[in-house]
Amino acid sequence: MNQTPVKKILKLLVGFSMSAWINAIINFILMPVITRVIEPSDLGKIDLFVTFCTMLVYASTLGMHQAYMRFFADNLEGITKDNLFAFAVKCSTCGAGIATIICLIFNKNFTESIMGEQSNHIWVLMALYIFITGFIAISKTRPRMYGNVMSYTVLVVLESLSIKLCYLSLLVTKDVYYSLWVLIFMVGVLMSICLILNRKQIFISISHIPKETKNAIFIYALPTIPVMFLANVNTSLPKIFLNAYFDAGFVGVYTGCLTLVSIITLIQAGINVFWGPFVFENYKSQQRLIQSMHLVITFAIVFCGLGLLATQDIIYCLLGNKYRMSQAFYGFLLCSPIYYTIGETVGIGINIKKKTYWNIVTTSVALISNLVFCYFWVPRFGNLGASFAVAISSIVMLFVKSFIGERYYKVVENPIKTCLTITLFFTGALFSYFFNSQILIRCILIVILMLALVVLYLKDIKQFICQWNIR
């Protein structure tokens, strides 16, 4: 029997969320150990290394993983699925070379920010990590497009596990620098696996791809470079400010909180992975389905976020005592992944119409707002100021992306309902902060918000179930 469209979507959602579930299990097992035996300052230094590298790695891919996904199902002249992948890999390799030069030029700045002292070798570590993880990023896109849930899950889980094991390696190395070499070794092994699995496609000749086709790919891909760079800078700004005004210990506490925030990726990961490929394949004939899925996604991500706020006291038992002060701003950090997920659904029109330059605008606006708020709040309020800046900038980005994306492809049928949903969660974050020590009152208020959300979406949920015959 053929599956209904929504059943197929839900199957993909569950499948591509598996990596998040496994990562969550790994976090539940390892984070209680890591945050009890690793000092916040050491954890903060490793996280700063990964942060600075991540700021460069997706830019170094030259937007090719985005272009591969966008043109995978298109019939461009001279393009096949295999030579498109080879083209993406070879272009990203050139980008990694440019990133290496940047690391060498700014070695002193990176070293002092990460290690707090001068070193002549940190640029080598950064260059290797950027090259390796850039290749892995391209490789992860391929199983996404083919619907190969198992391969994608294995790659994501192993990449995430390598960072956790890098933290734990401090118990043996006693030195952050040597632990970073352990991280390079582990992601290097993962890269070797990707290379073996994709060896036939990687070395396919791209000389037969017409110049016009290459230009079309670059026109789409290149505007995503500043977008990805600015997006990563936006995510990293709070850590940079905390390290500048305080020390790596504050970054470590912030990172510990982010680990618990990542629980929301149990929902977010599957959505983000399947949404783009699904929309690009169906936007011409299934707009009503896409609008219905937006409602379901918005309800699900916000409901789960409120559920995390209601149960945060249980969740925080995972962290060691030195990291538990972050519970006060936990709700504000949850705003970012939740609003980002909603923004990805409502702003998809930008990518459908290939107007990717608008992503530069939306990301820049969010970055500027985050920069301003961090500048004024982090020196005064520390981690609390950083988290609040993240929350406000994520709201700004959501509204700007919605305004622009809806001009090209209408996803939101009821803007008022979407605004109320956003407000409900931010109210929950405020309750989480102001009633942080009053557990019963906080839980009651957040449960009331969850009930209000159910009432707000009850009609849509019923229609969704009836219309698409989900039993």
| field | Full working for side-chain contact (heavy atoms from CB on, under 4.5 Å) between E159 and M186 | value | CA-CA 8 Å; E159 187 176 13; M186 288 187 289; over 6 Å; no

| message | Looking at W123, is its backbone amide N or carbonyl O close enough to the side chain of N107 to form a donor-acceptor pair, meaning the two atoms are under 3.5 Å apart? | response | yes

| query | Is there a side-chain contact (heavy atoms from CB on, under 4.5 Å) between L161 and L30 once you walk through the steps? | reply | CA-CA 10 Å; L161 182 61; L30 295 183; 4.1 Å; yes

| Is the F218-F87 ring centre distance short of 6.0 angstrom? | yes

| request: Mark yes or no: K417 above the aromatic ring of Y457, with NZ or CZ under 6.0 Å from the six-membered ring centre and no more than 45 degrees from the axis. | output: yes

| field | CA sep, side-chain torsions, deciding dist, call: V154, M150, side-chain contact (heavy atoms from CB on, under 4.5 Å) | value | CA-CA 6 Å; V154 171; M150 179 61 69; 4.2 Å; yes

| Flag, side chain of N243 to backbone of S113, donor-acceptor distance under 3.5 Å | yes

| message | Counting C-beta onward and ignoring hydrogens, is there a side-chain heavy-atom pair between S369 and I392 closer than 4.5 Å? | response | no

| task | Answer yes or no: is there a donor N or O on one side and an acceptor on the other, between the side chain of E406 and the main chain of V411, under 3.5 Å? | result | yes

| message | Using every non-hydrogen atom in the two residues, find where V412 and T418 come nearest and quote the distance to one decimal. | response | CG1-OG1, 3.5 Å

| query | Taking atom CG of L84 and atom CE of M64, what is their separation to the nearest 0.5 Å? | reply | 9.0 Å

| field | Least distance between heavy atoms, C419 atom then F399 atom | value | SG-CE2, 3.8 Å

| Ignoring hydrogens and geometry, is there a side-chain-to-backbone donor-acceptor pair from S92 to V89 under 3.5 Å? | yes

| Does any N or O in the side chain of R199 come within less than 3.5 Å of the main-chain N or O of I196, such that one atom is a donor and the other an acceptor? | yes

| query | With a 4.5 Å limit on heavy-atom distance, are the side chains of L183 and S162 in contact? | reply | yes

| query | Roughly how far, to the nearest 0.5 Å, is the CD1 atom of I122 from the OG1 atom of T111? | reply | 5.5 Å

| Got a second to check how far I184's CD1 is from Y129's OH, nearest 0.5 Å? | 7.5 Å

| task | Working to the nearest 0.5 Å, report the span between CD1 of I301 and CD1 of I297. | result | 9.0 Å

| query | Do the non-hydrogen side-chain atoms of F49 and V176 ever get within less than 4.5 Å of each other? | reply | no

| task | Answer yes or no: is there a side-chain heavy-atom contact under 4.5 Å between Y167 and V33? | result | no

| What are the two closest heavy atoms between T93 and F131, and how far apart are they? | CG2-CE1, 4.0 Å

| query | Would you say the side chain of F299 lies within less than 4.5 Å of the side chain of D460, judging by non-hydrogen atoms? | reply | no

| message | Below 30° counts as parallel, above 60° as perpendicular, anything between as tilted: where do the rings of F110 and F106 land? | response | perpendicular

| In terms of the angle between their ring planes, are F332 and F426 parallel, tilted or perpendicular, with boundaries placed at 30° and 60°? | tilted

| request: Determine the minimum heavy-atom distance between I130 and C103, stating which atoms define it. | output: CD1-SG, 3.7 Å

| Are any of the side-chain heavy atoms of Y220 and N215 separated by less than 4.5 Å? | no

| message | Measuring only between side-chain heavy atoms, which start at C-beta, is L371 closer than 4.5 Å to V233? | response | no

| message | Is it the case that the side chain of S393 and the backbone of V390 share a donor-acceptor pair, with hydrogens and angles ignored and the cut-off at 3.5 Å? | response | yes

| query | Among side-chain atoms of T173 and S179, is any donor-acceptor pair under 3.5 angstrom? | reply | yes

| query | Any luck finding a side-chain donor-acceptor pair between K401 and T362 under 3.5 Å? | reply | no

| query | What is the minimum heavy-atom distance between N198 and F85, and which atoms define it? | reply | CB-CE2, 3.9 Å

| task | Say whether, by atom type as modelled, one donor and one acceptor occur between the side chain of T363 and the main chain of I360 under 3.5 angstrom. | result | no

| query | Hey, are the side chains of V156 and Y152 touching, using non-hydrogen atoms and a 4.5 Å cut-off? | reply | yes

| query | Considering residues at least two apart in sequence or located in another chain, which fulfil the salt bridge (Lys or Arg N to Asp or Glu O under 4.0 Å) criterion with E212? | reply | none

| request: Could you please spell out the steps behind the side-chain contact (heavy atoms from CB on, under 4.5 Å) verdict for Q201 and R142? | output: CA-CA 11 Å; Q201 292 75 27; R142 192 163 184 268; 3.3 Å; yes

| task | Could you label the plane-to-plane angle of the Y177 and W181 rings as parallel, tilted or perpendicular, counting under 30° as parallel and over 60° as perpendicular? | result | perpendicular

| remark: For F329 and S387, the nearest pair of non-hydrogen atoms, with its separation, is CB-OG, 3.0 Å

| So, S394 side chain and A391 main chain: donor-acceptor pair closer than 3.5 Å or not? | yes

| field | Polar side-chain atom of S336 near backbone of L333 as donor-acceptor pair, under 3.5 Å | value | no

| task | Calculate, to the nearest 0.5 Å, the distance between atoms OG and CD1 belonging to S139 and I193 respectively. | result | 11.0 Å

| message | Can you tell me how far apart OG1 (T153) and CG (L158) are? Round to the nearest 0.5 Å. | response | 10.5 Å

| message | Under a 3.5 Å distance rule, please check whether Y254 uses its side chain to pair with a backbone N or O of N383 as donor and acceptor. | response | no

